[in-house]
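The structure appears below as structure tokens.
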Amino acid sequence: MTTDDYTLEELMVVEASRHVSDWDTVMVGTGLPMVASLFALKNHAPNMCYVVETGGIAPQIVGTPSSVTDARVMHRAVRHGSLLDALGGVLQRGLADVAFLGGAQIDRFANVNSTVIGDYDSPKVRFPGSGGANDLASHAKKILIITRHEKRRFPERCDFITSPGYVDGPDGRRKAGLPSAYPEIVVITDLVVMAVDRATGCLRIERLMPGVTVEQVRNSTGFDLPAAAAAGTVEPPTEAEVRLLREEVDPGGEYLKAPE
Amino acid sequence: MTTDDYTLEELMVVEASRHVSDWDTVMVGTGLPMVASLFALKNHAPNMCYVVETGGIAPQIVGTPSSVTDARVMHRAVRHGSLLDALGGVLQRGLADVAFLGGAQIDRFANVNSTVIGDYDSPKVRFPGSGGANDLASHAKKILIITRHEKRRFPERCDFITSPGYVDGPDGRRKAGLPSAYPEIVVITDLVVMAVDRATGCLRIERLMPGVTVEQVRNSTGFDLPAAAAAGTVEPPTEAEVRLLREEVDPGGEYLKAPE
Amino acid sequence: MNRKSSNKVMSAAEAVERFVHDGATVGMGGQSIGRCAMALTHEIVRQGIGDLTLVGCNLSMSMDLLVGAGLARRTECGTGNLERFGTAFRWRRAIEAGTLEVEDYSHLAMASRFLAGALGLPFMPSKSLLGTDILHKQMEGGSDSFRVIDNPWNPDEPVVLLPACRPDVSIVHAQKADELGNVVIEGFTTQEPEMVRASSSVIVSCEELISSEEIRRYPDRTTVPYIFVDAVVVQPWGSYPTSTYGCYEHDAEHLRRYQVCARSGGEAYESYLREMIHERPDFDSHLDGAIGEPRRRELEESMRRLM
Amino acid sequence: MNRKSSNKVMSAAEAVERFVHDGATVGMGGQSIGRCAMALTHEIVRQGIGDLTLVGCNLSMSMDLLVGAGLARRTECGTGNLERFGTAFRWRRAIEAGTLEVEDYSHLAMASRFLAGALGLPFMPSKSLLGTDILHKQMEGGSDSFRVIDNPWNPDEPVVLLPACRPDVSIVHAQKADELGNVVIEGFTTQEPEMVRASSSVIVSCEELISSEEIRRYPDRTTVPYIFVDAVVVQPWGSYPTSTYGCYEHDAEHLRRYQVCARSGGEAYESYLREMIHERPDFDSHLDGAIGEPRRRELEESMRRLM
């Protein structure tokens with residue numbers, strides 16, 4: 001299998017799924033995170049438990065949901081509940097193993113901005129805001145972020161911290177009072193897989209996407225980005241994995257474009 | 001109709017029911033309070049809404065329940081819920097118009113003891129404790145207490161304040177931080193109907209049971225008990241009321257003994 | 001308040017006129033593209049009730065309409081968007097133009113504020129928001145809505161306190177209700193169980209009026225008992241173009257059409273308001289204009305396949 | 001913890017051995033004479049697991065048995081009684097004799113503590129307990145479990161803070177569960193929804209094992225999803241002599257018999273423990289001794305008439 005046989009987006013999704021283990025309780029919205037977790041469920045984590053912000057527990061998701069209120073994310077759940085049940089009773093309660101996040105900016109401490117570009121009180125661009133993202137980042141044991149790698153998305157400091165990464169250093173979360181004080185935070189982009197180094201509280205390169213150099217990544221990043229000593233290359237998906245992804249996880253190609 | 005045609009207990013129950021109005025939301029346990037509120041429902045408050053501590057809303061109570069967990073207090077409720085729903089979501093939320101209370105001691109400020117006689121740390125007699133009583137006394141707009149009149153039950157100060165009356169004076173509840181700062185509190189005994197005087201925060205005689213004198217009441221009370229200027233006599237029940245009580249409210253005589 | 005009534009069924013026009021007032025804080029039911037109280041929102045727009053503070057977790061198309069119609073002064077929420085259908089554009093533009101006050105929260109933080117209101121508590125603790133600008137920039141900016149205290153049992157641990165949110169009125173669309181005001185919400189319930197209980201008045205529109213007999217037969221299914229509800233508006237398709245779980249799917253075509261108008265603003269948006277709301281005497285008339293019978297059957301069928 | 005298992009069905013003996021340990025804080029399901037986890041309680045007595053802290057809102061016969069058997073060190077609750085059947089006498093005597101630590105709360109205060117635990121919060125505010133000796137005498141007596149602060153948004157208003165209650169294990173009896181551990185409680189639910197979610201481990205006994213297919217068909221009816229549950233014990237009549245809503249009424253005769261023994265204490269009580277628990281290998285054997293088939297049919301019939 002050559003790199004032509006899968007898209008970068010597919011690789012990102014498969015790589016993300018590798019951070020989800022069997023029996024994990026996973027809080028997920030829609031979009032690529034849902035594709036990645038659905039892939040994990042069908043590939044190697046059959047007992048994974050979805051928890052949807054709107055309250056559904058362990059649904060058997062069908063089709064390609066376009067919202068957390070979509071009946072597709074509630075299908076055959078073991079329980080329907082409320083937002084408080086999911087975000088309070090599962091997430092803040094400390095039972096979420098993995099949460100997926102998105103955002104407009106991610107800084108060196110893996111803090112995330114999904115609120116505003118420019119000044120908060122007179123914004124240049126206003127985004128939708130936290131939603132459940134702040135809660136996910138505050139309470140999950142592992143936080144996964146899938147995003148495109150552009151320099152403006154990786155500034156030294158977010159214009160506005162919507163969701164906490166390591167705040168301002170290795171002990172930043174504990175000092176801020178966050179119950180999940182030292183979570184694993186992994187950022188998967190089209191160039192690289194980064195994770196927070198517990199010793200510094202900062203992101204560093206863990207693995208490069210095939211064919212990408214450390215230089216390339218650094219040129220596209222707005223902060224100093226160290227590399228782990230053993231930084232290797234992201235393993236490409238197997239043929240079977242690509243087939244599973246295309247034929248069973250996103251058969252309509254709603255989220256993942258097939259390679260041209 | 002003469003006084004021989006109804007028992008004192010029946011009179012107490014009918015008098016208590018007079019403090020329940022149509023459309024009131026009433027928090028009630030079992031025993032005489034339930035008889036009184038059932039009588040109100042059938043006599044003059046057809047739209048009264050029962051809320052049972054265990055979560056039942058507006059049940060159509062059947063038979064003579066022996067517990068708040070009895071299926072008889074849940075019969076045809078519009079909703080089953082939890083203790084938190086009832087005591088938090090209705091009562092502490094401020095929606096209970098009337099609550100019935102019992103207790104071993106009631107003092108001049110209408111504070112109630114249902115915890116202990118003697119010292120709390122080395123008790124002479126230990127009682128079951130607050131249950132929901134403290135919550136009812138803290139949050140209801142009107143508090144009704146039905147009890148036998150014995151001197152030891154009406155001390156100057158309760159050995160232990162389980163449920164707040166006016167605490168220590170006219171402004172005692174507000175100063176303590178209680179949301180229901182100036183509730184109506186009415187105590188109905190076999191001798192007298194007392195209520196808290198808002199000017200003093202203390203109980204005073206409102207109406208005497210037929211044939212009872214102020215002197216008799218005072219001799220059976222452990223604290224100075226003033227009388228309202230217009231203190232009259234409790235209205236006896238009508239023949240129809242007694243019939244309703246005996247034939248429809250407590251037909252088995254489970255709670256109310258028929259006159260000998 | 002209309003809680004002492006054994007028949008709370010009334011028209012949307014009457015319910016909104018009686019219970020939604022200029023300057024009110026309005027709790028918004030539904031989320032994203034699901035079960036938003038669209039019929040009730042249209043009626044507020046039609047009656048031009050303004051100066052509103054809109055509160056909820058995710059505020060979506062119903063909020064965006066009120067902002068776009070110039071009726072909102074302020075929002076307090078976790079997000080303003082329609083998920084895959086995009087940002088709430090009138091809201092976004094109003095914030096960027098500085099014509100709308102906003103206070104930002106997370107979804108859990110807003111749900112916690114409603115929980116405090118529902119339980120009669122002055123505030124609720126939270127372990128969200130810590131270490132963020134949601135907390136710090138808003139506090140520095142003068143917001144009085146956040147406090148950070150030390151956990152009294154673990155003195156070095158900061159805890160956020162959030163004040164109760166108690167809407168003057170909440171508007172909610174549900175699958176079923178009876179004439180007393182007992183409400184059955186099926187599927188997801190968002191922040192509604194807490195928000196409704198925290199509100200001074202509550203208007204519920206429903207797909208179907210059921211008997212109180214049915215309510216009493218299945219008391220475990222009642223989401224909100226009648227003692228919290230003031231008005232029941234029977235309005236099939238009352239959340240259109242958002243979905244109602246079990247009844248019909250969202251209408252992606254109409255949502256996209258709205259988003260195009262909301263994104264452009266100006267005359268495109270004004271004509272949407274005019275054609276869809278102001279020129280329509282009621283929501284049924286709006287539906288007749290916006291969606292034909294064949295499409296309704298399609299959206300119903302599409303939902304049925306997901307059950 | 002046994003949450004990563006697709007079949008959690010096991011015997012009461014195995015469940016109690018695995019999840020209840022000496023010194024544990026045990027959350028007690030049920031209330032008064034309804035749905036107390038009697039089968040699981042018997043098993044704790046049989047295994048002699050001691051030094052327990054028992055927590056709940058109303059603690060009833062199940063608590064009284066553990067106190068009477070000398071297995072409890074402390075209780076934290078709102079009441080210790082069986083309502084019309086009287087005080088929990090072994091509990092009362094132990095307090096009067098000074099052999100049991102107690103911390104008193106109101107029912108709402110305990111429910112609030114479980115809510116804090118269920119939501120991952122360190123404490124919960126409360127407007128109960130103010131102006132009382134539950135608060136003041138216990139604080140003067142050295143209890144660290146109460147704080148009174150000023151409402152930050154209304155400085156002259158005192159508010160109580162109560163620390164979260166997080167049982168090491170909760171024991172609960174329910175009508176239905178599946179083998180994954182999804183639980184359906186019908187009728188009243190006491191403090192159980194919050195208490196169970198706050199607990200590190202949870203053992204559920206049930207009248208009936210249902211399929212996960214049925215759970216997924218009616219997701220609105222699931223009280224507790226499986227992610228909070230460690231063990232499922234299938235035990236019909238598992239709350240006897242207390243009732244299970246929809247299944248059977250409480251057995252007034254047996255409750256009175258227990259109360260007579262509990263009131264006298266001494267040999268009368270010891271022989272109750274011996275005959276009803278220690279000499280019985282399991283709860284089915286206890287049932288066979290305590291209640292015959294005709295009486296069971298009577299109590300079932302009596303419940304059926306109330307549905």
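Each chain gets a letter, A, B and so on, in the order the sequences are listed, and its residues count up from 1. Since this is a predicted model, take the numbers as computed values, not measurements.
- Looking at F160(B) and T132(D), their side chains never come closer than 4.5 Å, going by heavy atoms from C-beta outward.
- In this structure, chain D has a heavy atom under 4.5 Å from the backbone of D159(B), while its side chain stays farther away.
- Interface remark: of the candidates V160(D), T87(D), T79(D), T79(D) forms the most heavy-atom pairs closer than 4.5 Å to chain B.
- Within the 3.5 Å criterion, the main-chain N or O of K127(D) finds a donor-acceptor partner in the side chain of Q92(B).
- Using a 4.5 Å cut-off between heavy atoms, M307(D) contacts chain B through both its backbone and its side chain.
- Under 3.5 Å, the side chains of T189(D) and H80(B) contain no donor-acceptor pair of N or O atoms.
- The contact between K137(D) and chain B is made entirely by side chain atoms (from C-beta outward), counting heavy-atom distances below 4.5 Å.
- Contact of T115(B) with chain D is made through the side chain alone, with heavy-atom distances under 4.5 Å.
- Contact check for L108(D) versus L91(B): no side-chain heavy atoms found under the 4.5 Å cut-off.
- Interface remark: S130(B) contributes backbone and side-chain atoms alike to the contact with chain D (heavy atom separation under 4.5 Å).
- Closest of all the heavy-atom pairs between S128(D) and H139(B) is OG-NE2, 3.0 Å.
- In this structure, the side chain of N81(D) does not engage the main chain of P128(B) through any donor-acceptor pair within 3.5 Å.
- Closest approach of R84(D) to P65(B), counting heavy atoms only: CD-O, 4.4 Å.
- To the nearest 0.5 Å, the span separating OG on S106(D) from CG on L136(B) amounts to 9.5 Å.
- Residue S243(D) comes nearest to T69(B) through the heavy atom pair OG-O, 4.3 Å, listed as atom of the first residue, atom of the second, then distance.
- Annotation: the span from S122(B) atom OG to E96(D) atom CD amounts to 11.0 Å, rounded to 0.5 Å.
- For the atom pair L83(B) CG and F188(D) CZ, the distance stands at 10.0 Å (nearest 0.5 Å).
- In this structure, a donor-acceptor pair under 3.5 Å is present between the side chains of Y120(B) and D104(D).
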Quick one: do V68(B) and E83(D) satisfy side chain to side chain contact (heavy atoms under 4.5 Å, CB included)? Show the steps, please. CA-CA 8 Å; V68(B) 289; E83(D) 264 178 285; 3.5 Å; yes
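- Looking at heavy atoms from C-beta onward, T162(B) lies out of side-chain contact with D133(D) at the 4.5 angstrom threshold.
- Across all their heavy atoms, I33(D) and S67(B) have their closest contact at CG1-CB, 3.4 Å.
- If you measure heavy-atom distances from V52(B) to chain D, you find no contacts under 4.5 Å at all.
- Ion pairing of E249(D) with R72(B) is present here, as a side-chain N (NZ or NE/NH1/NH2) and a carboxylate O approach within less than 4.0 Å.
- From D121(B), atom CG reaches atom CD1 of I95(D) across 11.5 Å, with rounding to the nearest 0.5 Å.
- Between H107(D) and G132(B), the shortest heavy-atom distance links the atoms ND1-N, 3.5 Å.
- Note on A111(D), A109(D), G131(D): by heavy-atom pairs under 4.5 Å with chain B, the leading option is G131(D).
- Heavy atoms of E194(D) lying under 4.5 Å from chain B belong exclusively to its side chain.
- In this structure, CZ on R174(B) lies 13.0 Å from CG on L130(D), to the nearest 0.5 angstrom.
- Proximity to chain D is limited to the side chain of D70(B), based on heavy atoms less than 4.5 angstrom apart.
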